[in-house]
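Heads up: the structure comes next, in structure tokens.
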Amino acid sequence: MANTLGIVKPDGVRRKLVGKIISRIEKADLVLRGMKVLKLSKDQAQKFYSVHEGKPFYNSLVEFMTSGPIVVMVIGGHDSIRRWRDLMGATDPAKAKYNTIRREYGTSVEKNVVHGSDSEATAKAEVSFFFSDDEILPKGI
Ligand code: DAT
Ligand code: MG
């Protein structure tokens with residue numbers, strides 16, 4: 001029952017998709033346990049995506065992720081890591097299943113609207129990248 005990290009990326013905020021994305025989270029019975037609006041610095045974006053350092057898309061990804069405000073969310077609820085990834089859909093919107101967020105709203109592999117942690121270990125690290133413990137609603141409230 002671990003929490004996961006969700007992000008509405010700059011393209012999603014720019015295109016006013018935040019409400020629609022939160023609505024999908026609520027309809028799926030996932031639970032918002034923390035939320036912030038912020039703009040990543042280059043240093044933060046490089047650190048957040050350090051697992052992709054050296055890949056051909058890395059510099060462009062960092063530039064994109066710093067191009068405007070993002071919304072970061074702590075998402076909880078039953079099986080939240082897997083179920084948030086399922087709601088998002090595959091990385092490439094063109095390959096994502098119908099009715100997923102990326103399929104509906106993504107415009108390219110890079111501009112795919114949302115982020116979600118991919119394992120318990122990354123969820124833990126990514127949530128604490130943005131949130132201290134006292135900024136996360138405990139379970140059962
Ligand atoms: P995901 O976001 O589905 O976990 P990932 O961790 O493999 O995907 O990559 C992180 C982000 O990097 C992804 O959301 C968009 C970008 N990206 C990945 N592969 C890419 C590619 N081939 N070309 C351009 N951007 C890419
Ligand atoms: Mg990933």
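Numbering of ligands and ligand atoms starts at 1, following listing order.
- Taking all heavy atoms of E110, H52, R85, H115 into account, the minimum distance to atom 5 (P) of ligand 1 is reached by H52.
- Classification of the F130-F48 ring pair by plane angle, with boundaries at 30° and 60°, yields tilted.
- Among protein heavy atoms, atom 2 (O) of ligand 1 sits closest to R102 NH2, 3.0 Å.
- Centroid-to-centroid, the aromatic rings of Y49 and Y58 stay 6.0 Å apart or farther.
- Neither the backbone nor the side chain of D118 comes within contact range of ligand 1; no heavy atom lies under 4.0 Å.
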- Query: Do E26 and S23 pass the side-chain hydrogen bond (donor to acceptor under 3.5 Å, both in side chains) test, and can you show the C-alpha distance, the side-chain angles, and the key distance before you say yes or no?
  - Reply: CA-CA 5 Å; E26 292 176 328; S23 181; 5.0 Å; no
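- Atom CD of E104 is separated from atom CZ of R102 by 14.0 Å, given to the nearest 0.5 angstrom.
- Residue contacts with ligand 1 do not include M88, since none of its heavy atoms lies under 4.0 Å from the ligand.
- Atom NE2 of H115 and atom OG1 of T4 lie 7.0 Å apart (nearest 0.5 Å).
- Using a non-hydrogen distance threshold of 4.0 Å, V109 registers as a contact of ligand 1.
- Between the R103 side chain and the K97 main chain, no donor and acceptor come within less than 3.5 Å of each other.
- Contact annotation: for M65 versus ligand 1, there are no heavy atoms closer than 4.0 Å.
- The closest approach between a heavy atom of K111 and any atom of ligand 1 is not below 4.0 Å.
- Nearest to atom 8 (O) of ligand 1 among the protein's heavy atoms is T91 OG1, 3.3 Å.
- Of the protein's heavy atoms, F57 CD2, 3.5 Å lies nearest to atom 21 (C) of ligand 1.
- Geometrically, K47 does not engage F129 in a cation-pi contact, judged by NZ or CZ lying under 6.0 Å from the ring centre and within 45° of the ring axis.
- The shortest distance between side-chain heavy atoms of N112 and K9 falls below 4.5 Å.
- Within the structure, ligand 1 lacks K55 among the residues with a heavy atom less than 4.0 angstrom away.
- Close contacts of ligand 1 with N112, meaning ligand atoms under 4.0 Å from a residue heavy atom, involve 13 (C), 14 (O), 15 (C).
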